[in-house]
Colleague: 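Pasting a structure here, questions to come.
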Amino acid sequence: MKKIFLILLLTTSTFAQEISLSQKIKKLSVTLKGTPPLAKEYQEAQEMLLNKSESEILSLKADEYLASISFQEKFQNHVADLFRLQQTNFLKKNYANTNDSFSQETTFYPAFHLLVRNILKENKPWISLLTDKNYILMNSNQKTNFSPDTTFYKYLDESLFKYDSLDSSYFLDTNYDAYNPTYSIIRVEGKKDDLRLAGVLTTPSFFSRYVTTGVNKNRRRAAAIFNVFLCKDMVASIPVPKEGTDPYKKLGLIGFDQATEEQITNHVKSDLHGSDPQCYKCHRQLDPTGAVFNLSPTIPSSISSPGVLSYVNSEGVFVQKPLRGLGDLGPAISTEADYISCQVRHFWKWTFGENKLLTPDMEKILVNDFNQVQQRPKDFIKKLVSQPEFYNKVTYTEDQLSTIAAFKVIKKCQSCHNENADDIELENIAGINIYELISNLKFENRAKLIKRFYSQITKNKMPPQEAAKDFSESEIQSILKWINKGAPNFKGQKE
Amino acid sequence: MTRFLKVKNLFLFVPMFSFCLPMIVQAQYQNPVSPQVKAPLAKLLESASMSKLVFEDGREAHLVAQIKQPIPIKVQFQIIENSCFPELPLPQCQWTIEAFNLKTAWIWTKHSDSSKINKTLKVKNTQNSTTQEKILEDSNVNITMSSFFSATRPDLIKHYILKCNNYEWLEKLSKTEDMSGFYIPSWSAEQMQTNILTKKNENMSFGQLDSSILKPLMDNQFKLFIHQKLENDLFAGIIPVIDTQTMYYNHKDKACSLQIKTNGNLGNVTEQLEAQKYIETLYVRLPPKINQNLIFINPIENLKYLVKKVPEGTLIEVE
């Protein structure tokens with residue numbers, strides 16, 4: 001029997017180990033709050049075992065952690081990471097690092113973070129990230145302090161502003177009841193149908209991170225929306241002058257990598273940016289979507305601007321949904337299947353970790369779960385951490401890790417190699433289920449396709465120059481490494 | 001870039017573009033670290049029209065704005081892109097503007113040393129003995145239009161006059177409700193700046209004016225009016241000489257924009273403005289939203305050291 005068990009383990013090559021209750025509570029606490037539990041929690045849990053099952057105890061602990069300020073801070077920062085924004089300092093850290101009351105009093109939270117935090121706190125449907133129009137702005141009580149967010153909404157109607165004292169419950173739990181910042185609160189309460197506002201998109205943080213220009217035409221902002229809400233990996237990239245100092249501004253357009261400002265201007269003049277067929281593949285998606293920011297280059301405009309949510313979805317279908325303004329983006333995106341699966345993937349990463357493979361089958365189950373809980377974040381996270389696999393300590397072999405890494409990169413290739421591609425070369429892996437290709441060793445033409453991947457990469461044909469910016473060197477190497485290992489499947493098996 | 005810096009110094013742009021994005025973002029993440037222990041040196045007292053500092057020893061200083069003689073400036077520009085109507089001619093245009101130099105400062109109005117009266121208050125800030133001292137006096141800017149004066153001195157609101165060799169582009173903009181002019185829903189300028197969040201240099205829109213109106217004058221010219229709301233705002237004006245600007249508008253269901261490239265070569269206008277004579281001194285009150293205000297940047301900065309507790313080890317001297 002032992003022998004059979006050993007063989008089974010070697011075959012699957014994945015070592016899942018059951019862990020103790022204390023270890024489970026620790027994992028839960030670190031995942032949801034970012035810190036290990038207090039020593040007394042372990043003891044309390046052991047005592048609870050006398051009249052409660054382990055799963056009941058873990059459920060209670062999950063509820064406790066999900067109700068904590070630390071959870072809101074941690075997940076608020078997860079969302080900030082998605083948007084590539086700075087995280088805010090945890091209030092607790094501010095307290096730990098200094099006894100200085102001034103530092104505590106001036107701890108400032110941007111409107112973006114407070115909005116996300118409120119969505120988490122109130123367990124609002126996740127699409128509230130795009131539809132919530134209730135902003136909380138920290139406003140200095142002192143004339144010499146700077147209140148950065150308050151000027152951002154200045155073009156909106158005065159009637160939307162409500163002046164209030166600071167409600168410490170937004171920031172605190174009982175551990176920090178001494179927090180007494182020198183800020184009052186200004187609430188901006190946009191109506192539900194206000195087309196000028198769209199949740200986190202109309203915050204100073206988003207506008208500052210994703211700046212725009214007359215040439216850029218909000219493409220960078222559209223790309224961020226695709227990236228965060230639809231998991232569509234698209235880099236909004238304008239031709240950048242040779243003398244530009246930003247290494248991220250590697251040009252994505254053929255022939256413009258050495259362009260000067262003047263050449264770019266001429267390009268804009270002659271070609272009306274985006275009409276070039278090569279450019280058009282991305283521009284037809286970015287331009288109409290970014291148009292909703294048209295009147296709002298640095299702050300939300302007093303009037304809305306129309307646009308069209310335009311993107312090629314994961315099925316290769318070119319989706320186009322007219323938008324009367326920014327406020328229509330949330331409702332338009334919320335019904336997209338790509339939006340739901342994308343958000344499920346974010347939550348998976350935040351709870352299970354970067355390296356834990358989310359299989360397509362599991363993703364389908366979780367999409368149902370996400371919908372079942374009306375896309376409410378706390379409820380969904382509770383479902384995720386209730387999965388037995390959450391507590392299993394999984395150890396992957398080297399081969400499996402290389403397979404998982406390669407899978408993630410090869411999937412990215414389909415952002416160009418999709419059914420919508422107008423180039424026969426691009427269609428060769430269009431519509432192929434990459435998960436199936438990798439996991440099923442008997443997949444038709446598997447060896448041939450993998451061999452082709454290898455030759456295209458080593459001959460520097462793929463990724464092509466215009467897409468090179470989307471792939472890091474280590475990502476490209478991860479495919480080669482996987483192929484060099486014999487292209488194992490997710491179980492580490494090889495042909 | 002050098003030319004641009006000159007231009008930037010020439011006119012304070014914040015006005016209409018009274019929202020300075022990078023500064024704002026930077027402030028979001030600042031956290032003071034030093035304990036505050038020292039008592040304030042002065043009290044800020046404000047009446048309806050004036051702000052003054054009263055020191056413990058009885059000295060007093062008032063906030064003033066000193067204005068130099070305005071001079072006219074002409075700025076050439078070209079519309080280089082009309083995103084919705086590429087078939088229309090791209091015209092050459094010109095702004096005619098008036099600008100003036102403005103100094104704001106705290107000046108001594110009560111002092112035991114009579115030679116100090118009407119002299120600028122200087123704040124010397126030495127933070128610990130290791131850091132360099134910082135001396136703050138006045139703010140000196142060249143402006144074109146500031147609604148800071150709109151209530152008391154409408155004559156100091158300098159409107160711009162527009163003249164183009166073709167106005168087909170203008171006719172695509174919506175008309176105002178009373179049909180008296182054309183409506184520019186949003187207008188922005190660009191500048192290469194460090195994005196505080198990415199730490200990278202990026203060309204970016206850095207200011208925005210909503211709802212300005214171009215009203216026709218005689219002889220085929222237009223006069224620019226800024227939104228009433230902004231007239232009541234802190235201060236408003238524009239810097240039409242800035243290198244690149246974009247006017248945004250909607251045409252039916254389409255988002256449109258007009259890109260503008262200006263000839264920012266203004267020669268020695270800065271020197272000319274500074275060489276003008278002061279024509280008057282106004283006693284003024286700090287604007288209500290001081291964090292938007294670059295006209296008063298140093299007088300406001302001074303407040304930090306005078307009316308607030310300061311970190312231990314900070315030596316504040318007032319002259």
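Just so it is clear: chains get the letters A, B, ... in the order the sequence lines come, proteins before strands, and each one is counted from 1.
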Colleague: Heavy atoms only, distances under 4.5 angstrom: which of A/S296, A/G307, A/P288 has the most pairs with chain B? Name it, please.
Modeller: A/S296

Colleague: One pair to check against side chain to side chain contact (heavy atoms under 4.5 Å, CB included): B/N195 and A/Y210. What are the steps and the verdict?
Modeller: CA-CA 9 Å; B/N195 184 324; A/Y210 301 99; over 6 Å; no

Colleague: Considering non-hydrogen atoms only, spot the tightest contact between A/N294 and B/Y248 and give its length.
Modeller: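 What the structure gives for the nearest pair is O-CD2, 2.9 Å.
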
Colleague: Quick check on A/K321: does its NZ atom have over 12 non-hydrogen neighbours (other residues, nucleotides or ligands) under 6.0 Å away?
Modeller: yes

Colleague: Look only at the side chain of A/Y155 and the backbone of B/Q208, and say whether a donor-acceptor pair between them is shorter than 3.5 Å.
Modeller: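 Yes.
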
Colleague: With a 3.5 Å distance limit and no angle check, can you tell me whether B/N250 reaches the backbone of A/I303 through a side-chain donor-acceptor pair?
Modeller: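 No.
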
Colleague: Do you know which of A/V211, A/T212, A/N216, A/I299 makes side-chain contact (heavy atoms from CB on, under 4.5 Å) with B/S205?
Modeller: A/T212

Colleague: Are a donor atom and an acceptor atom from the side chains of B/N203 and A/T213 found within less than 3.5 Å of each other?
Modeller: no

Colleague: Would you call A/R209 and B/E202 a salt bridge, taking side-chain N to carboxylate O under 4.0 Å as the test?
Modeller: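 Answer for the salt bridge query: no.
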
Colleague: Check whether any side-chain heavy atom of B/E190 sits under 4.5 Å from a side-chain heavy atom of A/P297, and report yes or no.
Modeller: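 Result no, sub-4.5 Å side-chain heavy-atom pair not found.
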
Colleague: Backbone N or O of A/S302 within a donor-acceptor pair of the B/D210 side chain at under 3.5 Å?
Modeller: yes

Colleague: Using modelled atom types only, decide if a donor and an acceptor are shared between the side chain of B/D253 and the backbone of A/P306 within a distance under 3.5 Å.
Modeller: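 Checking the backbone N and O of A/P306 against the side chain of B/D253, no donor-acceptor pair under 3.5 Å is found.
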
Colleague: With a 4.5 Å heavy-atom cut-off, do A/K217 and B/S257 have their side chains touching?
Modeller: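 The answer is yes; the side chains approach within 4.5 Å.
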
Colleague: Of all of B/S186, B/P185, B/A255, which one pairs up most often with chain A through heavy atoms under 4.5 Å apart?
Modeller: B/A255

Colleague: About how many Å separate CE of B/M204 and OG of A/S208, when rounded to the nearest 0.5 Å?
Modeller: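 Going from the OG atom of A/S208 to the CE atom of B/M204 covers 8.5 Å.
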
Colleague: Nearest heavy-atom pair of A/G214 and B/T246: which atoms, and what distance?
Modeller: CA-OG1, 3.3 Å

